[in-house]
Amino acid sequence: MSKARKIAILGTGNVGASIAYNLTLSGICSEILLVDINKEKAEGEALDLSQCAAAVPSVTVRCGEYEDVKGADVVVVTFGIARKPGQTRLDLAKVNIGILKSVMPGVAKIAPDALYVIVSNPVDVLTYTTLKCTNLKPEQVIGTGTLLDSNRLVQFVADYCKVDASNVNAYVFGEHGDACMVPWSLCTVGGYNVKDYCKNILKIDEQTIDNELATLYSDMVKAGAKVIKAKGATFYAIAASTVRLIKALFSDTHTLLPLSTLLHGEYGAEDLCMGVPCIVGAKGFERVVELPVSAEEKKELDEKIASLSATYNALEIRG
């Protein structure tokens with residue numbers, strides 16, 4: 001018999017509700033708890049999801065209070081104000097840091113052994129703040145980091161190379177936001193480095209390849225803003241990415257994913273959280289995997305780290 005697993009989702013806005021829906025369909029947990037300051041909204045989402053019962057794997061979906069988070073295996077943090085059209089992720093920082101600091105110390109005491117998946121934006125800053133304002137261990141707190149960015153990039157590369165997304169492997173490093181970069185030396189298509197694939201298989205000249213990859217990077221960075229402009233918010237893709245992470249935690253397969261974690265010199269970053277390739281398993285974060293990047297890519301990454309570090313300093317969250 002599989003272990004009964006409880007997942008608590010804090011915040012039932014578009015993102016939290018979409019994660020709950022994905023989890024309801026997934027069959028990976030036995031209980032989903034929804035908590036929101038808007039109790040009527042949480043109750044409505046729980047009722048709607050409960051009425052999927054005849055068509056989905058067996059799962060109990062209910063709403064509750066913060067004290068009901070007790071016993072959760074995973075706590076998913078999605079609360080905070082949403083990013084509006086034209087607003088950067090970092091514009092959200094001060095408000096969402098305040099909200100997180102008012103909630104997370106108490107929740108961490110109620111569920112001290114849970115794994116915490118931070119989804120709220122700006123995710124890197126809030127992952128760091130969670131660690132600093134609670135007594136949770138670093139391995140317990142995992143930000144979704146650049147998982148969504150990397151998923152977007154994989155799809156864009158796949159479309160450009162006219163292959164299925166499963167044939168592409170790519171990582172985005174740095175901030176889930178503007179201070180990110182793509183080490184193209186690590187991007188492969190069917191085992192081929194992406195540039196070699198474009199040159200040898202698609203017969204594209206090197207200058208065109210460089211220009212096209214720069215366009216793909218730009219499209220990836222702007223992807224979220226484009227969705228927000230068109231429909232007001234992004235939630236399906238981050239929900240699918242978050243459930244992928246939770247599946248990796250529950251399956252204990254030591255999966256390599258680009259996630260946000262506290263760094264102590266890895267990739268040249270010190271005392272900040274950002275998206276880098278990490279191994280995760282049943283106990284949460286296991287280790288950072290330092291993949292080899294070119295000298296040119298390392299220089300670009302250093303610049304992104306400096307930009308993100310400056311944001312940390314401006315927000316005065318270190319110390």
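In what follows, every heavy atom counts, from backbone to side chain, and hydrogens, waters and symmetry copies are set aside.
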Positive for side chain to side chain contact (heavy atoms under 4.5 Å, CB included) with Met220, one of Leu153, Thr215, Asn151, Leu148: Leu153
Heavy atoms from other residues, nucleotides or ligands near CG of Asn135 exceed 12 (cutoff 6.0 Å): no
Check: Tyr116 and Thr134 side chains under 4.5 Å, non-hydrogen atoms: no
Glu139: partners by salt bridge (Lys or Arg N to Asp or Glu O under 4.0 Å), with sequence neighbours left out: none
Check: Asn14 side chain, Phe235 main-chain N or O, donor-acceptor pair, under 3.5 Å: no
Ser30 side-chain N/O to Arg5 backbone N/O, donor-acceptor pair under 3.5 Å: yes
Qualifying residue, where the test is side chain to side chain contact (heavy atoms under 4.5 Å, CB included) with Val293 and the options are Glu296, Glu290, Glu297: Glu297
Beyond-backbone contact of Asp124 with Thr311, side-chain heavy atoms, under 4.5 angstrom: no
Check: Trp184 main-chain N/O paired with Asn193 side-chain donor or acceptor under 3.5 Å: yes
Expected output: side-chain Thr234 to main-chain Val227 donor-acceptor under 3.5 Å: no
Under 3.5 Å: donor-acceptor pair, side chain of Asn22, backbone of Ser18: yes
Donor-acceptor contact below 3.5 Å, side chain Asp205 vs main chain Thr208: yes
Shared hydrophobic cluster for Val15 and Ile37 (ILVMFWY, side-chain gaps under 4.5 Å): no
Flag, side chain of Glu43 to backbone of Lys41, donor-acceptor distance under 3.5 Å: no
Distance-only polar pair, side chains of His176 and Asp149, donor-acceptor under 3.5 Å: yes
Residues Ile9, Leu23; criterion side-chain contact (heavy atoms from CB on, under 4.5 Å); working and verdict: CA-CA 11 Å; Ile9 301 175; Leu23 288 169; 4.0 Å; yes
Any donor-acceptor pair under 3.5 Å from Asp73 side chain to Ile7 backbone: no
Any side-chain heavy-atom pair of Phe156 and Ser218 under 4.5 Å: no
Salt bridge (charged side-chain N to carboxylate O under 4.0 Å, His left out) assessment of Glu206 paired with Lys199: CA-CA 7 Å; Glu206 291 188 18; Lys199 179 180 178 181; 3.1 Å; yes
Donor + acceptor pair across side chains of Arg318, Ser309 (<3.5 Å): yes
Residue Lys231 excluded, over 12 heavy atoms near NZ under 6.0 Å: yes
Derivation and outcome, side-chain contact (heavy atoms from CB on, under 4.5 Å), residues Tyr160 and Ile204: CA-CA 12 Å; Tyr160 179 70; Ile204 302 173; 3.2 Å; yes
Asp68 vs Glu65 side-chain heavy atoms within contact, under 4.5 Å: yes
Note, Phe79 side chain near Asp36 side chain (heavy atom, < 4.5 Å): no
Worked check of side-chain contact (heavy atoms from CB on, under 4.5 Å) between Thr253 and Lys247: CA-CA 9 Å; Thr253 47; Lys247 286 180 178 178; over 6 Å; no
Backbone of Lys137 reached by a side-chain donor or acceptor of Gln140 within 3.5 Å: yes
Test item: Lys203 side-chain N/O and Asn200 main-chain N/O as donor-acceptor pair under 3.5 Å: yes
Salt-bridge contact Arg152-Asp219 (side-chain N to carboxylate O under 4.0 Å): no
